[in-house]
Amino acid sequence: MEKMIVAIDGPAGAGKSSVTRLLAERLGFQFLDTGAMYRAVTLAAIHQGVDLHDEPALQTIATEIEIVFDGEEVFIDGKNSTAAIREPEVTRSVASVANAPSIRSYLVDLQRRIAAQGNFVCEGRDQGTVAFPDSFCKIFLTASPRARAQRRVEQLSLSGKPVEFEAVIRDQEMRDQQDSTREVGRLMKAEDAIELLTDDLTLVEVVSELESIVRQRMEH
Ligand code: DC
């Protein structure tokens, strides 16, 4: 039977990753965090001392490393790298990897191979537009810049790394700019995606809304 894919795209801080995990659990689907793949290649490149603008070298790394997802955890060549891929150095550097067209096409292909194995909720920037344009249900999750930054401040404070709101806003503007101007796979709402603004909604409210949208689609 044809596998089902729910594609969730949106900017950093819109709540995609918590929403994706919870929605997948409710639906009995698996989830795929595609940002983690770009982060994994970036981390491996940093470890190997590779110039992050050397696309052929990045491509060698992308094709040679083994990225394995196990629930919430990410393993690179057998090593648990769940925390390491979220380190600020990786977050600062990942845009050069995500901008490289050959890396994108390799990772999109990998995403399709993984998603062919079951029903998936896939999150990223280009899931509804590039990776899974035929997906039966596409969601574009957004929130205002201030709401997104506020969430980020709260997250970081909970993990013992307090930051200034203004610094987060500046950082976020830079990432938005990078995400929406890259040549390939830029952040864009698919024409047939349903847009949901999450500013005034709790996580559970967002997930419930999306669950009902997906279930309606599944009936048709
Ligand atoms: O969602 P995230 O912050 O973990 O994503 C990390 C980086 O990868 C971010 O710069 C956006 C980019 N990305 C992308 O270009 N395409 C995707 N499908 C997912 C993430």
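Just follow the structure's listing: the first ligand is 1, and inside any ligand the first atom is 1.
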Next item on the list: Applying salt bridge (Lys or Arg N to Asp or Glu O under 4.0 Å), name anything that partners Lys16, two or more places apart in sequence or on another chain.
Entry: none

Note to self: So that I can tick it off, tell me whether Arg21 and Glu25 are bridged by a salt bridge, with the cut-off set at under 4.0 angstrom between side-chain N and carboxylate O.
What the structure shows: no

Next item on the list: Enumerate the protein residues lying less than 4.0 Å from ligand 1, judged by heavy-atom distances, in chain and residue-number order.
Entry: Thr34, Gly35, Tyr38, Arg39, Arg86, Val94, Ala98, Arg104, Gly124, Arg125, Asp126, Gln127, Arg175, Asp179, Arg182

Margin query: Using the salt bridge (Lys or Arg N to Asp or Glu O under 4.0 Å) criterion, which residues pair with Asp199? Sequence neighbours excluded.
Written below: none

Item checked: With Ala149 via side chain to side chain contact (heavy atoms under 4.5 Å, CB included) - residues at least two apart -> Phe165, Val168, Ile169, Gln172

Notebook entry, point to check: Would Arg175 and Thr91 count as having a side-chain donor-acceptor pair, cut-off 3.5 Å?
Noted result: no

Item checked: Lys/Arg-Asp/Glu bridge criterion (N-O < 4.0 Å) met for Lys138, Asp192 -> yes

